[in-house]
Trainee: 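Pasting in a structure now, in structure tokens, and then I'll have a few things to ask.
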Amino acid sequence: MGDLPPGFRFYPTEEELVSFYLHNKLEERRQELNRVIPVTDIYNIEPWNLPKLAGERCQGDTEQWFFFAPRQEREARGGRPRRTTASGYWKATGSPGYVYSSDSKVIGVKKTMVFYKGKAPTGRKTKWKMNEYRAIEGAADPSNTTVPKLRHEFSLCRVYITSGSFRAFDRRPLEAVARETQLLGYAATTSAQDHRMVDNSSSPDTSCSGGDHADLPGTAGSANVDMVDGLPQPLWDWEQLNWL
């Protein structure tokens, strides 16, 4: 560990999390991944106790921790997953988002959750958040109307603490951020113009050491790209995807 160069970290992109880590776990390949991202029933554990259960190369991380969450028995029987711990509960926030591959295929779905202390619906919001990723079987073409199949055997969860910094988990170069901001601004302008046209016509939400796993995606400073919830319009009805 002492021989690692400064800045050697584990910052996987969402594409890497889904296409490499989650898919390899689902296909039961590369057992060493369990040392990087362990299998943990995180919904039975308080979030502040999760960091000490993180992978052996992420024990010192102070920002984010990764876990494979197995499908619950009640899910296998067709029920809804239980996301309640002894002291509180995880509550979904915003709309689910898509995870894209570098060739613009939809490879997964992401849901963001916030942990509340107390009992629903009067719990107190905390700074603990989580992104839960599920993989899509194969890669879905956004232009194809066929509803893809979600894999439920395991989900990949990224647990983190809200820091208040806009770029806390954004590891992209500043040039890439500026370019995306311009694209988003163009999309917003186009959307506003389309909205006005319709109106006129109708006239009324770490540092991890890589160690032995330097060959794994996300090590040695990869960019961590977070999707912006709600920007892409849903390609499919979420209930059609069987997302719970």
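As the structure is a computational prediction, the values presented were derived from the model and not from experiment.
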Trainee: Run the side chain to side chain donor-acceptor pair (under 3.5 Å) test on Arg30 and Asn24 for me, step by step, so that the C-alpha distance in whole Å, both residues' side-chain angles and the decisive distance to 0.1 Å come before the verdict.
Mentor: CA-CA 7 Å; Arg30 300 199 63 159; Asn24 273 302; 5.8 Å; no

Trainee: Using a 6.0 Å cut-off, check whether atom CZ of Arg29 has over 12 heavy atoms from anything other than its own residue.
Mentor: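 Result for CZ/Arg29: enclosed.
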
Trainee: If you take the centroid of each ring, where Trp contributes its six-membered ring, are Trp65 and Trp128 closer together than 6.0 Å?
Mentor: yes

Trainee: Has Arg151 got its NZ or CZ under 6.0 Å from the middle of the six-membered ring of Phe154, at an angle within 45 degrees of the ring axis?
Mentor: no

Trainee: Taking His152's backbone N and O only, do any of them form a donor-acceptor pair with Ser155's side chain (distance below 3.5 Å, no angle check)?
Mentor: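 Not at all, since once roles are kept as given, no pair shorter than 3.5 Å links the two residues.
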
Trainee: With a 4.5 Å heavy-atom cut-off, do Leu22 and Phe68 have their side chains touching?
Mentor: yes

Trainee: When you measure from the side chain of Arg82 to the backbone N and O of Thr84, does any donor-acceptor pair fall under 3.5 Å?
Mentor: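 A pair under 3.5 Å: yes.
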
Trainee: Grab the two heavy atoms, one from Glu15 and one from Ser19, that are nearest each other, plus how far apart they are.
Mentor: O-OG, 2.6 Å

Trainee: If I compare all heavy atoms of Met130 with all of Cys157, which pair ends up nearest, and what's the gap?
Mentor: SD-CB, 3.6 Å

Trainee: Check the orientation of Tyr116 and Tyr89. Use parallel for under 30°, tilted for 30 to 60°, and perpendicular for over 60°.
Mentor: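 Answer is parallel, since the angle falls under 30°.
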
Trainee: Do Tyr100 and Ile107 make a side-chain contact, defined as non-hydrogen atoms from C-beta onward lying under 4.5 Å apart?
Mentor: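 Not in contact.
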
Trainee: Take Val109 and Ile136, measure what side-chain contact (heavy atoms from CB on, under 4.5 Å) needs, and give me the verdict at the end.
Mentor: CA-CA 7 Å; Val109 184; Ile136 284 177; 4.1 Å; yes

Trainee: Using a strict cut-off of less than 4.0 Å between a Lys/Arg side-chain nitrogen and an Asp/Glu carboxylate oxygen, indicate whether Glu132 and Arg83 qualify as a salt bridge.
Mentor: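 Result for this pair is yes, salt bridge flagged.
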
Trainee: Testing Leu156, Ile37, Val39 one by one against Lys25 for a side chain to side chain contact (heavy atoms under 4.5 Å, CB included), which residue passes?
Mentor: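 Only match with Lys25 under side chain to side chain contact (heavy atoms under 4.5 Å, CB included): Val39.
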
Trainee: Hey, is CD on Gln31 packed in by over 12 heavy atoms from elsewhere, all under 6.0 Å?
Mentor: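 Count over threshold, so yes.
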
Trainee: List the atom of Pro12, the atom of Leu17, and the distance in Å for their closest heavy-atom pair.
Mentor: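 Reported closest heavy-atom pair: CG-CD2, 3.6 Å.
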
Trainee: Should Asp41 and Phe67 be marked as a side-chain contact (heavy atoms from CB on, under 4.5 Å) after you check the CA-CA gap, both sets of side-chain angles, and the distance that decides it?
Mentor: CA-CA 9 Å; Asp41 188 0; Phe67 304 93; over 6 Å; no

Trainee: Nearest 0.5 Å, what's the CD-CG distance between Glu32 and Asn34?
Mentor: 9.0 Å

Trainee: Out of curiosity, Lys119 NZ to Ser87 OG, how far, rounded to the nearest 0.5 Å?
Mentor: 10.0 Å

Trainee: Should Trp48 and Trp90 be regarded as members of a common hydrophobic cluster, given that ILVMFWY residues are connected when their side-chain heavy atoms come within less than 4.5 Å of each other, either directly or indirectly?
Mentor: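 Shared cluster, yes.
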
Trainee: With a 4.0 Å cut-off, would you call Lys117 and Glu46 a salt bridge?
Mentor: no

Trainee: Among Thr85, Thr40, Val159, exactly one meets side chain to side chain contact (heavy atoms under 4.5 Å, CB included) together with Ile45. Which residue is that?
Mentor: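 Of the listed residues Thr85, Thr40, Val159, the side chain to side chain contact (heavy atoms under 4.5 Å, CB included) partner of Ile45 is Thr40.
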
Trainee: In terms of hydrophobic clustering (I, L, V, M, F, W, Y; side-chain heavy atoms under 4.5 Å; direct or indirect links), are Ile42 and Val114 co-clustered?
Mentor: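 Unlinked, Ile42 and Val114 end up in two clusters.
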
Trainee: Check the pair Leu150 / Glu137 against side-chain contact (heavy atoms from CB on, under 4.5 Å), numbers first and verdict last.
Mentor: CA-CA 6 Å; Leu150 273 181; Glu137 197 168 81; over 6 Å; no

Trainee: For the residue pair Glu14 and Tyr133, what are the closest heavy atoms and their distance?
Mentor: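 What the structure gives for the nearest pair is OE2-OH, 2.7 Å.
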
Trainee: What is the minimum heavy-atom distance between Asn131 and Tyr160, and which atoms define it?
Mentor: OD1-OH, 3.6 Å

Trainee: If you compare all heavy atoms of Pro38 against all heavy atoms of Gly55, which two are closest, and at what distance to 0.1 Å?
Mentor: CD-N, 3.5 Å

Trainee: Ignoring hydrogens and geometry, is there a side-chain-to-backbone donor-acceptor pair from Glu16 to Thr13 under 3.5 Å?
Mentor: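 Indeed, once roles are kept as given, a pair shorter than 3.5 Å links the two residues.
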
